[in-house]
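Not measured: the values here are computed from a predicted model. The sequence lines fix the lettering, A, B, ..., with proteins before strands; numbering per chain opens at 1. All values below were derived from every heavy atom in this structure, side-chain atoms included, with hydrogens, water molecules and symmetry-related copies excluded.
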There are 2 protein chains.
Amino acid sequence: MRAVALNLFARHGYAAVSMRQIAGEVGVQAGALYNYTPDKQSLLFDLMKDHMDQLLGAWSEHPAAPNAVAALEAFTRFHIRFHAARPEAVFIAYMELRNLSPENFLVIEKLRQGYEAEIETLLRQGISEGVFDTPDPKIATRALIAMLNGVNTWFREEGRLSLPDVEDLYWSMVRKSVAV
Amino acid sequence: MRAVALNLFARHGYAAVSMRQIAGEVGVQAGALYNYTPDKQSLLFDLMKDHMDQLLGAWSEHPAAPNAVAALEAFTRFHIRFHAARPEAVFIAYMELRNLSPENFLVIEKLRQGYEAEIETLLRQGISEGVFDTPDPKIATRALIAMLNGVNTWFREEGRLSLPDVEDLYWSMVRKSVAV
DNA sequence: GATTTAACTGAACGTGCGTTCAAATCAATC
DNA sequence: GATTGATTTGAACGCACGTTCAGTTAAATC
């Protein structure tokens, strides 16, 4: 059910997908879904929460890098790979924030901020190492994440560029954009 | 009516806003809206089309720059200013693409590609001038636009940074990211 | 002030929504 | 094969949706 909901929410949007549609693709009547989720809102929230937990979990398991440049490269490649591997969850995580109830939104937003904070720390380390130069690490973090998130709007497995190609291209831009 | 619809679509999403809601905020009954739009879909399309026309129109009226670096700086500042000035239209233009009918989507998508193409041309000029170095201008264009679009997710008029501050920060990153 | 035109109302149309629940069905245990 | 517990069905609940339209009201013209 989660998988079907993820796919439909990503394709048509949370508000435009009915419980009957989800049930239909699962091969079941709408009522049966309520054995697995208390309501539609929780279904959305759980998908988004799972995604954020996986994102933060996967990054936290990443081995420490010897210096800030290596850490930023590791992050750049990790972020691109992680997001390219689950385009549907990513799409939902960024597009359906406003369809979360206020309490649920706060939970997800806090997780998102946690991720952002890790990257900001990384940039600050590079600045104190003297290898990065950016006047506002907070804004630079957001700029970099926005740039990397952009990959998901166009990247296709079967496309002209392979994932390593994309990683190389973006790493080159990320590196230069915060270089001294 | 357009203004109200723009605001509501931006706040709650096209699918989540009813014609009765729009009518209510206008101070009129739902039926009256149909004197001004044939249907809800056209209302969305017109808002998006207007936005894209304004974007392309405003950029095309920009004076030519003496060289590629100046042109890229002009573009960076223009893009940030233009988008910061109409956050609701921008939000809709990027979030409601999937709620357009297939024909309408094609129209908007073509306009978006036109904008992208202008920036790509600009990058290519810088490469041939020898002032830019980026292995894939098409991807670099998308990366830059994604980065600049990111401003709208956090920028607030009353915030810590003024618009010129933001322009300066992003121009510094844009410039370096494609530098030789 | 009568006449024409434009704008709006209010009710209705058929449809689909999220959710509930008694009844039916299925699976596992004894 | 009877009993139990978990799943699923199918119908129903009240409500909201986009859209239409005959009838009313307001504005503009003469």
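Pairs passing the salt bridge (charged side-chain N to carboxylate O under 4.0 Å, His left out) check and including a residue from residues 21-42 of chain A, sequence neighbours excluded, do not occur. Pairs passing the salt bridge (charged side-chain N to carboxylate O under 4.0 Å, His left out) check and including a residue from residues 101-115 of chain A, sequence neighbours excluded, read A:Glu109-A:Arg112, A:Arg112-A:Glu116. For residues 167-180 of chain B, the salt bridge (charged side-chain N to carboxylate O under 4.0 Å, His left out) pairs, not counting sequence neighbours, are B:Arg77-B:Glu167, B:Arg77-B:Asp168, B:Arg81-B:Glu167. For residues 48-63 of chain A, the salt bridge (charged side-chain N to carboxylate O under 4.0 Å, His left out) pairs, not counting sequence neighbours, are A:Lys49-A:Asp53.
Heavy-atom distances under 4.0 Å link DNA chain D to A:Arg20, A:Val28, A:Gln29 of residues 10-30 of chain A, given in residue order. Against DNA chain D, the stretch residues 33-40 of chain A makes heavy-atom approaches under 4.0 Å through A:Asn35, A:Tyr36.
Applying the side chain to side chain donor-acceptor pair (under 3.5 Å) test to A:Tyr170 and every residue at least two apart in sequence or in another chain returns A:Trp154. Remark: A:His12 engages no residue in a ring pair (Phe, Tyr, Trp, His ring centres under 6.0 Å) (not counting sequence neighbours). Partners of B:Arg160 according to the salt bridge (Lys or Arg N to Asp or Glu O under 4.0 Å) rule, which considers only residues two or more places apart in sequence or in another chain, are A:Asp136. For B:Arg98, the salt bridge (Lys or Arg N to Asp or Glu O under 4.0 Å) criterion is met by A:Glu96, not counting sequence neighbours. Legend: residues meeting salt bridge (Lys or Arg N to Asp or Glu O under 4.0 Å) with A:Glu129, ordered by chain and number and at least two apart, are absent.
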Every protein N/O lying under 3.5 Å from an N/O of nucleotides 27-29 of chain C:
none

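Put simply, the side chain of A:Gln41 gets close to the backbone of A:Asn99: a donor and an acceptor are under 3.5 Å apart.
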